[in-house]
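Note that ligands are numbered from 1 as they come in the structure, with each ligand's atoms numbered from 1 the same way.
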Amino acid sequence: MFRSIRYALAALLLVPAAAEARVDYAIDLTSPEHHLGQVSATFPVTSTPYLDVKMPAWRSGRYTILDLANGVRRFAATDAAGHVLPWEKVDKSTWRVHLSQPTAIRIGYELYANELGLRTRHIDDSHAFLDASAVFMYADPYRADDVSVALNVPRGWQSFSGLASPSPQHFVAANWDLLVDSPIETGIEKSYRFSEGGRDYEVVFWGDGNFDPNQVVADIRKIVPQASAIWSGYPFQRYVFMIHATDGAGGATEHRNSTVIQIPRWNFQPHDKYLGFLSTTAHEFIHTWNVKDYRNAAMVPYNYQSENYTDLLWLEEGSTEYFADPFLVRAGLMKPGEYFENLSRLIDRHRHKPGANEQSVAQASFDQWIAVGGDRANNAEVDIYDEGQIASWMLDVALLEQTGGRVSYRDVHEALYKRFGGLARGFTSADVRAILRELTGTSWDAWWARNVDSPAAVDFDALLAPVGLKLQAGPQVAWAGWSANASPNGMQLRSVERGSPAWNAGFVPDDIIVAIDGKRVTVDRFDAALAERKPGETVTIGYFRRDQLAEKRLTLGANPKDRPAVVQVERPTAAQRALFQRWLLIPYPKAP
Ligand SMILES: [Zn+2]
């Protein structure tokens, strides 16, 4: 269906004065209040009957279909002389511009950009964050050609990106793929610079919060040299940390030589929350190697129009997570005891995740595109972060043990960097197993089949003992097996663990618990009431389900009162101390 052009082609007037690259983009952000930008692009002289221009269906790092074409409005196209070109949409993400003769093509559209937490595109009166995969359309014939971006911004706005910037408000890239892997942050920002190891770093803050930017910058500066514990080189000369101190958004995304980290503005304190922020920072920085410089073959190059299926996301996310906290420990930002506490949280989550017996990390990687996530998924799924971290930990300890500390999991990633760095081609799980064989002289196929391609049976004692650590379990207390949120009407169940007393009694998420043995309860009160009961006791639970009051009998089970602690053994042997040193690259800590 051809569309008549009803809109004024104002956006088309915004193209740069002179062509600078094969494909030139411009975005006007001078009326940002309503989350709108005016985008234009010029493509080279094209002699085919039509040119398809596309918006990606997803952005790198977020393995979910996002249908980013959904922000495009008022699309229009002209030829080089400014004559209107007819166009039609041929699928949800593709605009087909028809040509009657060879000509350069200008397109223009209005972009609605009011999405913050997925880190795609956000324009408001204080800033704009532009992940180009959510902003700039591409055409397959010109995807490999050089591009330029010109920004027209409100007075006082400064623009930052990992891209080269020949002049203010102006960026260039060798091709569209580099552009979409280099988000642009523009607005009224605080920015800091430092050099470390001969490379340049920038830290850009959007928003205020309970942090001292100088402290944050000083701590990031301690993180970046830690990469040399794993890799023999750095795949960039310049790197930009973009920090959104905001509200209602948390999370982070890795890019080629930059990252965007979002954190609620008051979550830089207390100390454990700040450590979480630093751990995220290390995680994203590690991705500069693991994902951005070498990655699975299904995503080289990225196919931005549909799902890219791989069985290796666990290695890309989980292993990155596994490496992150040790960066902080070696940098002196996290105490070994704080790291052990994070391991104990990981162990606790695993033990209350029945899905770990259902889904392998390879399957979870493949199905990441449809992962539901969250507590409710725990009964059937695992997430590539937690279980991928555990699989990486298991592989690390197995390598250290088998080789007497000679080979660690870090060596696997250095080999991936050496062999697949630069993305000439991607790697498969067979490539990883080949590296394992080369490093150790033995086959890891059986290990892989057991722990990666099948749900792993994790023996945490066996992971901790070789490095002189152990699990210390607390006393057993009465346990229901649900998690809940306070709601104005009572306590609303968030999840019910499969096989738990609450599951067996028939409770489901969203049930609102209001009474135990005839007495009103809230979340706090329920915990107190539970503490007064013994495992094996039966209680009567009053609850609402879809506003219908009902009761159920619940026979309480037993569970450790606190999550099991990861602690040092009393008398570590010389072998345990030596393997600990190879595991974390710090000496075995003195007894706390
Ligand atoms: Zn990640």
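Scored by the salt bridge (Lys or Arg N to Asp or Glu O under 4.0 Å) test, Lys335 finds no partners at all (sequence neighbours excluded). Residues satisfying the ring-ring contact (aromatic ring centres under 6.0 Å, His included) test with Tyr192, not counting sequence neighbours, are Phe205. Partners of Tyr234 by ring-ring contact (aromatic ring centres under 6.0 Å, His included), not counting sequence neighbours, listed by chain and number: Phe236, Trp289.
In this structure, Phe129 has its ring center at least 6.0 angstrom away from the ring center of Trp206.
Ionic pairing of Arg419 and Asp431 is not present here: no N-O contact between side-chain nitrogen and carboxylate oxygen is shorter than 4.0 angstrom.
Within the protein, the number of N/O/S atoms found under 2.8 Å from the Zn ion (ligand 1) is 3.
The aromatic rings of Phe194 and Tyr201 sit parallel to each other, their planes meeting at less than 30°, with 60° as the upper class boundary.
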